[in-house]
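To keep things clear, I will list the structure first and then write my remarks on it.
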Amino acid sequence: VYYPALESPRLFPEDRAALERAYIHHWGPIYVAGRRLAASEDSVPVRFELPVAGPYTLEAGAPVRIDGSPVQPGRWIHLERGPHWLAGPPSTGPVTLRWGEALYRPAHPPPSLPFFLGF
């Protein structure tokens with residue numbers, strides 16, 4: 001889990017870019033490892049990299065194939081760090097791989113107060 005300080009001038013541009021490539025917004029100030037992708041227009045597999053290994057839940061409008069294995073929306077697949085391939089019909093729409101096994105997201109908005117105090 002990553003708590004973004006992307007507005008901080010203390011981050012080097014390379015560090016900011018690395019964090020933005022590795023993490024996606026989850027809820028409120030919480031970011032988790034993940035990727036947002038799109039299936040190719042001609043169903044040709046799309047190559048992508050993951051810097052964090054673990055279980056990833058598929059969020060998509062239709063089933064896709066990841067590294068040749070079929071994955072249904074809402075299901076998770078364990079992916080290692082490194083390169084992978086995504087294939088699916090263009091009708092799949094946006095594809096999100098979110099770290100975790102169907103990670104919980106509260107339905108209510110996040111509190112306006114800081115989450116972490118006392119550091």
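Index from 1, following the sequence.
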Closest approach of [X] to [Y] (non-hydrogen atoms, all atoms of both residues):
{"X": "W76", "Y": "G100", "answer": "CB-O, 4.3 Å"}
{"X": "G34", "Y": "Y56", "answer": "CA-CE2, 3.9 Å"}
{"X": "W27", "Y": "P110", "answer": "CZ2-CA, 3.3 Å"}

Out of curiosity, [X] [atom1] to [Y] [atom2], how far, rounded to the nearest 0.5 Å?
{"X": "L37", "Y": "T96", "atom1": "CG", "atom2": "OG1", "result": "8.0 Å"}
{"X": "H84", "Y": "E49", "atom1": "NE2", "atom2": "CD", "result": "8.0 Å"}
{"X": "T57", "Y": "E101", "atom1": "OG1", "atom2": "CD", "result": "7.0 Å"}

If two hydrophobic side chains count as joined below 4.5 Å and joins carry through other members, does V95 share a cluster with F48?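 Yes, one cluster joins them.
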Within-4.5 Å side-chain heavy-atom neighbours: [X] and [Y]:
{"X": "L97", "Y": "I66", "value": "yes"}
{"X": "R98", "Y": "R105", "value": "yes"}
{"X": "W99", "Y": "P55", "value": "yes"}
{"X": "V52", "Y": "V32", "value": "no"}
{"X": "L58", "Y": "I77", "value": "no"}

With a 3.5 Å distance limit and no angle check, can you tell me whether R81 reaches the backbone of P51 through a side-chain donor-acceptor pair? yes
Y31-H26 aromatic ring centre distance below 6.0 Å: no
Greater than 12 external heavy atoms within 6.0 Å of R36's CZ: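 It does: R36 CZ has more than 12 such atoms within range.
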